[in-house]
Amino acid sequence: MASWVLHVDMDQFIAAVEVLRRPELAGLPVIVGGRGDPTERAVVSTASYEARAFGIGSGMPLKIAARKAPEDAVFLPVDHEAYEAASAEVMSALRALPDVVLEVIGWDECFLGVDTDDPETVARSAQAAVLEATGLHCSVGVGDNRVRAKIATEFGKPRGVFRLTAENWFEVMGDRPTRDLWGVGPKVQKRLAALGIRSVRELADADEELLVSEFGPRMGVWYHGLGSGLGPTAVDPTPWVARSHSRETTFPQNLTTATQVEAALAELAGHAFDDCAAEGRAVVRVHLKVRYAPFETKTFGRKLVAPTTERGDVIDAALALGSTIDQQREVRLLGVRAEMTMPESDESVERTPVRGRV
């Protein structure tokens with residue numbers, strides 16, 4: 001039997017959980033974000049497919065979503081506990097499938113490793129198990145490695161199954177833009193375009209040394225292989241270990257003074273450090289996120305001189321990064337992320353170099 005990787009992704013997970021709790025919302029544009037008040041400053045956590053038809057998507061400010069939304073749209077507050085409970089039920093149902101290895105990579109997605117001659121049957125069994133246990137639907141990507149399985153899921157949505165392997169990779173992906181590849185964001189896409197690389201096939205055919213010169217020896221090789229859909233095949237069931245903890249706040253009114261910014265940063269950095277300290281792990285790097293009014297976002301990072309378990313060190317680092325903020329501009333959001341030392345792990349498991357462990 002062949003070894004397969006299945007990527008299970010819950011369909012419109014947060015919105016689906018809300019509709020499951022409120023069946024009368026079925027078929028309506030549902031937008032979940034913040035405290036559910038579109039007049040407040042917050043962003044969309046998720047939008048139902050009906051809402052997405054109006055151009056509403058995750059990360060969009062609620063105020064903009066409200067302008068795009070039809071009259072019958074429903075705005076709901078984020079309920080983390082409900083989503084975590086639903087996620088636990090989903091993973092429990094999948095973990096009970098016979099002869100599969102499960103790796104959780106998010107509360108609404110996971111990888112399954114299975115040896116079988118009929119991966120589509122396993123995929124449909126996974127969908128049935130999740131539906132029976134939770135009433136929720138999912139899509140499944142079938143691949144000969146993690147990268148292809150992850151990308152395949154998008155072709156199966158909603159509620160479908162799609163297979164993507166070396167055999168049909170270029171047929172399906174060859175003419176698509178590099179942005180459609182897992183791990184290629186808008187910045188990387190722009191850098192690739194500057195090299196004359198716009199499609200997946202062009203990335204696969206590119207000179208690897210050219211990519212190494214642009215992205216470095218690790219990521220250059222990775223992006224080159226990504227053009228051919230190359231990636232690790234192992235599914236690792238060991239629990240996920242957070243690399244960092246972050247806190248961020250969108251302010252009801254813009255911050256306009258350095259004193260306000262410093263106070264907010266000190267509070268956020270303190271909370272981020274406390275989350276790390278609760279795990280008993282030292283902080284090695286601090287990152288700052290700032291969103292200027294009206295909506296321009298910048299990020300900065302600083303590696304600490306040495307790993308620290310001192311709260312003041314992390315706050316000082318955040319304040320030092322804060323000194324780079326443009327004092328002439330109003331600030332609508334601040335965030336601090338504290339990156340931690342990683343515990344010893346089995347490094348024999350091959351992982352992709354993007355998106356954390358996956």
Side-chain angles (χ1 to χ4, degrees), residues 14 32-45 58-64 77-81 83-84 106-107 185 187 240-343 355-357:
I14 293 175
V32 182
R35 296 188 294 183
D37 184 350
T39 67
E40 294 184 351
R41 281 187 171 175
V43 298
V44 175
S45 294
S58 300
M60 177 181 291
L62 284 180
K63 290 182 179 180
I64 294 178
V78 174
D79 186 348
H80 289 288
E81 291 186 1
Y83 314 143
E84 289 173 359
W107 64 4
K187 292 182 179 179
W240 179 78
V241 177
R243 293 177 177 267
S244 63
H245 287 291
S246 61
R247 294 295 187 100
E248 69 175 46
T249 298
T250 299
F251 304 102
Q253 287 82 36
N254 293 342
L255 304 186
T256 58
T257 69
T259 300
Q260 291 174 328
V261 169
E262 289 174 2
L265 282 177
E267 181 178 0
L268 291 168
H271 288 314
F273 171 82
D274 292 342
D275 293 338
C276 297
E279 295 196 31
R281 293 158 64 191
V283 176
V284 296
R285 187 184 296 270
V286 176
H287 301 262
L288 167 66
K289 176 181 177 181
V290 56
R291 179 166 295 149
Y292 297 109
F295 209 78
E296 180 186 358
T297 305
K298 301 286 187 180
T299 57
F300 313 87
R302 171 175 292 188
K303 183 177 181 180
L304 303 181
V305 175
T308 185
T309 55
E310 296 295 327
R311 199 170 193 266
D313 292 343
V314 175
I315 293 175
D316 289 344
L319 293 176
L321 289 170
S323 66
T324 65
I325 291 176
D326 187 346
Q327 302 296 326
Q328 304 303 312
R329 304 181 67 180
E330 296 185 4
V331 173
R332 64 176 289 153
L333 175 148
L334 286 172
V336 175
R337 179 164 63 91
E339 189 176 320
M340 301 175 286
T341 55
M342 293 296 290
R355 308 265 176 114
R357 72 176 293 171

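- Note that NE2 of H271 is 7.5 Å distant from CZ of R311, once rounded to the nearest 0.5 Å.
- E339 and H245 form no side-chain donor-acceptor contact under 3.5 Å, judged by distance and modelled atom types alone.
- Under the rule for a side chain to side chain donor-acceptor pair (under 3.5 Å), T259 has no partner lying at least two apart in sequence or in another chain.
- The salt bridge (charged side-chain N to carboxylate O under 4.0 Å, His left out) analysis of residues 289-310, with sequence neighbours excluded, yields the pairs E248-K289, E296-K298, E296-R329.
- G36 approaches P38 most closely through the heavy-atom pair O-CD, 3.4 Å.
- Of all heavy-atom pairs between S45 and I14, the closest is CB-CD1, 4.3 Å.
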Apply side-chain contact (heavy atoms from CB on, under 4.5 Å) to residues V283 and L304 and explain how you reach the verdict.
CA-CA 8 Å; V283 176; L304 303 181; 4.1 Å; yes
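- We find the CG-OG distance between D275 and S244 to be 10.5 Å, quoted to the nearest 0.5 Å.
- Listed here is the closest heavy atom pair of P307 and A282: CB-CB, 3.9 Å.
- Taking SG from C276 and CZ from R337, the interatomic distance works out to 10.5 Å, rounded to the nearest 0.5 Å.
- The shortest heavy-atom contact between N254 and A293 is ND2-CB, 3.4 Å.
- Distance alone, capped at 3.5 Å, places no donor-acceptor pair between the E40 side chain and the D37 backbone.
- Interatomic distance, CG of L333 versus CZ of F295, reported as 8.0 Å (0.5 Å rounding).
- V44 is listed as a side-chain neighbour of L62, based on a closest heavy-atom distance under 4.5 Å.
- Side-chain contact check for M342 versus R243: some heavy-atom pair is nearer than 4.5 Å.
- The only option from T250, T249, I325 that meets the side-chain contact (heavy atoms from CB on, under 4.5 Å) definition with L334 turns out to be I325.
- With sequence neighbours excluded, the residues forming a ring-ring contact (aromatic ring centres under 6.0 Å, His included) with Y83 are W107, listed by chain and number.
- The CG atom of L321 sits 11.0 Å away from atom CG of D316, with the distance rounded to the nearest 0.5 Å.
- In this structure the side chain of V284 never reaches within 4.5 angstrom of the side chain of M340, judged on heavy atoms.
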Derivation and outcome, side-chain contact (heavy atoms from CB on, under 4.5 Å), residues V314 and T308
CA-CA 8 Å; V314 175; T308 185; 4.1 Å; yes
Does the pair F273 and I315 meet the rule for a side-chain contact (heavy atoms from CB on, under 4.5 Å), with working shown?
CA-CA 8 Å; F273 171 82; I315 293 175; over 6 Å; no
Please assess D274 against R247 for the test side-chain contact (heavy atoms from CB on, under 4.5 Å), listing each intermediate value before the final yes or no.
CA-CA 11 Å; D274 292 342; R247 294 295 187 100; over 6 Å; no
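- Interatomic distance, Q328 CD to Y292 OH, rounded to the nearest 0.5 Å: 10.5 Å.
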